[in-house]
Enquirer: 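Below are the structure tokens for one structure; questions will follow.
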Amino acid sequence: MPADHPTVSPQEVARRTLEIIPLVMQVMAVEMRAGHAALLPGQFRVLVELTLRPYALSELAELLGVSSPTMSNTITALENRGWVTRLRS
């Protein structure tokens, strides 16, 4: 390494990386919410869970820690995009 660049320990690299990851995640969330991405983080989480098995809306809301109205809105948005099909009981 050139003499004008100090050597950084692996521990310091790890520490700096752990400091910046939350900032990167915040920027990504803002960009996704602003409509720059086709899928919001909450919608992605729902799709991941639905790949495992079908859920009742209330089950899915409880599993993901949101209210039933919030989950209903999420499912409606995914349904409008054709990514899920809601089966009414």
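Side chains are part of it too, since the values below use all heavy atoms of this structure and drop only hydrogens, waters and symmetry mates. Owing to the predicted nature of the structure, the values given are computational and were not obtained by experimental measurement.
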Enquirer: Scan the side chains in residues 12-24 for donor-acceptor partners under 3.5 Å anywhere in the protein, sequence neighbours excluded, and list what turns up.
Expert:
unit_1	atom_1	unit_2	atom_2	d
Glu12	OE1	Arg15	NE	3.0
Glu12	OE1	Arg15	NH2	3.4
Glu12	OE2	Arg15	NH2	2.4
Glu12	OE2	Arg16	NE	2.8
Arg15	NH1	Glu19	OE1	3.4
Arg15	NH1	Glu19	OE2	2.2
Thr17	OG1	Val13	O	2.8

Enquirer: Could you check whether any side-chain heavy atom of Thr74 comes within less than 4.5 Å of a side-chain heavy atom of Leu60, counting everything from C-beta outward?
Expert: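 SC-SC contact between Thr74 and Leu60 ruled out.
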Enquirer: So, Arg86 and Thr76: side-chain donor and acceptor under 3.5 Å apart, yes or no?
Expert: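 The criterion, which ignores hydrogens and geometry beyond distance, is satisfied for Thr76 and Arg86.
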Enquirer: Taking Leu63 as the starting point, is it possible to reach Val48 by hopping between hydrophobic residues whose side chains are less than 4.5 Å apart?
Expert: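 Yes.
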Enquirer: Indicate yes or no: at least one non-hydrogen side-chain atom of Ser72 is less than 4.5 angstrom from one of Leu57.
Expert: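 Touching, per the 4.5 Å side-chain cut-off.
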Enquirer: Strictly distance-based, threshold 3.5 Å: is any side-chain N or O of Glu62 a donor or acceptor partner for the main-chain N or O of Glu59?
Expert: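 No.
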Enquirer: Which residues satisfy the salt bridge (Lys or Arg N to Asp or Glu O under 4.0 Å) test with Glu49, sequence neighbours excluded?
Expert: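 Glu49 satisfies salt bridge (Lys or Arg N to Asp or Glu O under 4.0 Å) with no residue once adjacent residues are dropped.
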Enquirer: Quick one: closest heavy-atom pair of Leu50 and Ile75, and the distance?
Expert: CD1-CD1, 4.4 Å
Enquirer: At their closest point, which heavy atom of Ser67 faces which heavy atom of Ala61, and how far apart are they?
Expert: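 It is O-CB, 3.8 Å.
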